[in-house]
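Below: the structure, in C-alpha cells.
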Number of protein chains: 2
Amino acid sequence: MRSRSDVLETAVLGLLNESPLHGYELRKRLNLVLGSFRALSYGTLYPALKGLVARGLIATAESAPPPSARKPKPGIPGRTTKPNPLGRRRVVYELTPEGKEYLQSVLATAGPAAWEDDNFDVRFALFGQTDAETRLRVLEGRRTRLTERLEAFRESTAHPRSRLDEYALELRRFGLEKVEREVHWLDGLISTERGRAAAQNRSPQQEQPKKERG
Amino acid sequence: MRSRSDVLETAVLGLLNESPLHGYELRKRLNLVLGSFRALSYGTLYPALKGLVARGLIATAESAPPPSARKPKPGIPGRTTKPNPLGRRRVVYELTPEGKEYLQSVLATAGPAAWEDDNFDVRFALFGQTDAETRLRVLEGRRTRLTERLEAFRESTAHPRSRLDEYALELRRFGLEKVEREVHWLDGLISTERGRAAAQNRSPQQEQPKKERG
DNA sequence: GTTCGATGTATCGAGTCGATACATCGAGAG
DNA sequence: CTCTCGATGTATCGACTCGATACATCGAAC
C-alpha cells in the first residue's frame with residue numbers, strides 16, 4: 001500500500017519501457033522529464049529499483065562497458081588489460097514481460113491515482129504510451145479535481161476565519177491564479193484530444209499531432 | 001543543520017508572534033497561509049514544537065478552556081462545574097523573548113535561505129513583519145534565482161541529450177511558463193516595493209499600501 | 001441519550017531527502 | 001608523465017516528513 005511510491009514506480013517502468021537504462025541515467029531522465037526541476041535522490045531511486053526487481057517487474061542485465069570505452073590500448077604489459085575486471089561497473093535495468101503487462105494495466109486506468117498532484121505529471125509524461133480514451137479521462141479527472149479545489153479555496157476566502165495580512169493575501173491570490181492557469185491549460189489539451197478522437201472516428205487513419213496555439 | 005525544518009520553524013515563530021496559539025489552530029493557519037493547499041501533518045508539527053520549546057524559543061501556557069465555553073450554566077448541582085478538571089486539554093504556545101529576538105534576526109536576513117523554493121513562500125507570507133529593505137532584497141534574490149533556473153532550463157532544451165516525446169515536451173513547456181509567470185509576478189511586486197521606498201524617502205510618513213493592478 | 005462530527009494532542013511505520021562514501025574514467029595542468 | 005579534478009556510477013545513513021491512526025472531549029442533531 002505504498003501510495004506515493006507508486007508514482008515513482010510508474011515513472012521508472014515507463015522510462016524503462018522506452019529503453020533499458022542504468023541507475024544514473026535513469027535518475028537524470030526522471031529529473032529532466034518529471035517534476036520539472038525536482039531532484040530525485042538515489043536514496044529514493046535505488047530502494048525503488050530493488051523493490052521492482054524483487055517483484056519481478058524489472059530485471060538487471062549487468063555491465064556492458066561504457067559506450068565510449070573499447071579503445072584497444074595496444075600492448076602495454078603493466079596494468080592495462082585488467083585495471084578492473086568488469087569495465088566500469090554498471091547495472092542496467094530492463095522490463096520483464098510481467099513488468100510490461102503491469103505497466104500497461106497501470107497506464108490503462110483513469111482514477112484518482114492518475115490525477116492527484118504528483119501522480120498527474122508522471123501519467124501525463126507517459127501519455128505517449130497511453131491510449132486516447134484514457135488520456136481524455138485523466139485530463140478531465142484532473143480538471144474536475146482542480147475546480148473542486150478552486151471552489152474550496154474561494155469559499156474559505158469568502159468566510160475568513162482569521163484575517164490575513166496584505167502579503168499573505170497576495171500569496172494566496174497568486175496561488176489561486178496558478179490553479180486557474182492550469183485549468184485553462186487543461187481545457188486546451190482536452191479540446192485537442194477531443195479533436196483528435198473526432199478526426200480519428202471520421203477517418204480512422206494516422207493523424208499527425210495537431211499543434212495547439214500557445 | 002536542519003535545512004527544511006528551518007522553514008517550518010520560521011513559519012511557526014512568525015504565526016505565534018501575531019498571537020499565541022495551540023497546535024490544532026496553528027496547523028490550520030499554517031495550511032491556510034503557506035503552501036497554498038499543502039497539508040502539514042501533526043507528525044511534522046508536534047516534533048517541531050517540541051524542538052522549539054527545548055531551544056527556549058517558545059513556551060507552553062497550558063489550558064484555558066475553549067473560547068465559546070464559559071457559559072455560566074446556572075445552578076444545576078450535578079456535573080456542571082467539573083466535568084473534567086482542565087476543560088478540554090489544550091497546550092497554548094507563545095514566543096519567549098529569546099524567540100522574538102531570534103525571529104527578528106531571521107526575518108532581517110536576505111540570503112539563499114530566504115529565496116529558495118519552500119522558504120520563499122514562508123518568508124513572503126511574513127513580509128508584514130519584515131522591513132522594507134529586506135523585502136526588496138528577498139524579492140530580487142528570488143527573481144535572480146528563477147532566471148538562473150530559466151537559463152539552465154532553456155539550455156538543456158537547446159542541447160537535448162535524450163529526445164522527449166510530444167507530451168513530455170508539453171509538460172516541460174508548461175513548467176517553463178509557470179516560472180516565467182512567477183518572474184513577472186515578482187517584477188510587479190518589486191516595482192511596488194520600490195515605489196513605496198521612494199515615496200517614503202520623499203516624505204517619510206505613513207504610506208497606505210498601494211494596490212497593484214491584477 | 002446517544003451517535004456523529006469537529007476539536008484537540010500525540011505517535012508510528014513507511015517513505016524521502018541531502019549528504020556522503022566509494023570507485024572509475026577522461027581531460028587538462030604542471 | 002603524473003596529478004588532480006570533475007563527471008560518471010552504485011550504494012547507504014540519519015534526519016525528517018507524511019498519512020494513518022489512536023485516543024479523548026465537546027456541541028448538536030436525532
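Every heavy atom of this structure was used, including side-chain atoms; hydrogens, water molecules and symmetry mates were not. Remember, predicted model here, so these are calculated numbers, not experimental data.
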(request) Report yes if at least one side-chain N or O of A/Y46 is closer than 4.0 Å to OP1 or OP2 of D/dA11; otherwise report no. (result) no
(message) Once you measure the plane-to-plane angle for B/F124 and A/Y167, does it fall in the parallel (<30°), tilted (30-60°) or perpendicular (>60°) bin?
(response) perpendicular
(message) Rounded to whole Å, please give me the gap between CG in B/L49 and P in C/dT9.
(response) 9 Å
(request) Kindly say if B/K50 contacts the phosphate of C/dT11, meaning a side-chain N or O under 4.0 Å from OP1 or OP2. (result) yes
(request) Take atom CG of A/L40 and atom C1' of C/dG15, then tell me their distance rounded to the nearest Å. (result) 12 Å
(request) Rounded to the nearest angstrom, tell me the gap between atom OH in B/Y24 and atom P in C/dA10. (result) 15 Å
(request) Could you tell me the separation between the CZ atom of A/R27 and the P atom of D/dA7, rounded to a whole number of Å? (result) 13 Å
(request) Give a yes/no answer on whether the side chain of B/S41 brings an N or O atom under 4.0 Å of OP1 or OP2 in D/dC18. (result) yes
(request) Examine C/dT9: is either OP1 or OP2 under 4.0 Å from a nitrogen or oxygen in the side chain of B/Y42? Give yes or no. (result) no
(message) Between P on D/dT8 and CG on A/L21, what's the gap in Å once rounded to a whole number?
(response) 15 Å
(request) Measure up the A/Y24 and A/H22 rings against each other and bin them: parallel (under 30°), tilted (30 to 60°), perpendicular (over 60°). (result) parallel
(message) Can you confirm if the NZ or CZ of B/R55 lies within 45° of the ring axis of B/Y102 and under 6.0 Å from the centre of its six-membered ring?
(response) yes
(request) Round to the nearest Å and state the distance from A/L52 atom CG to C/dG15 atom P. (result) 12 Å
(message) My understanding is that only residues two or more places apart in sequence, or in another chain, count here; which of them pass side chain to side chain contact (heavy atoms under 4.5 Å, CB included) with B/R145?
(response) B/W115, B/E116, B/E148, B/R149
(request) Can you tell me the distance, in whole Å, between the CG atom of B/D6 and the P atom of C/dC17? (result) 19 Å
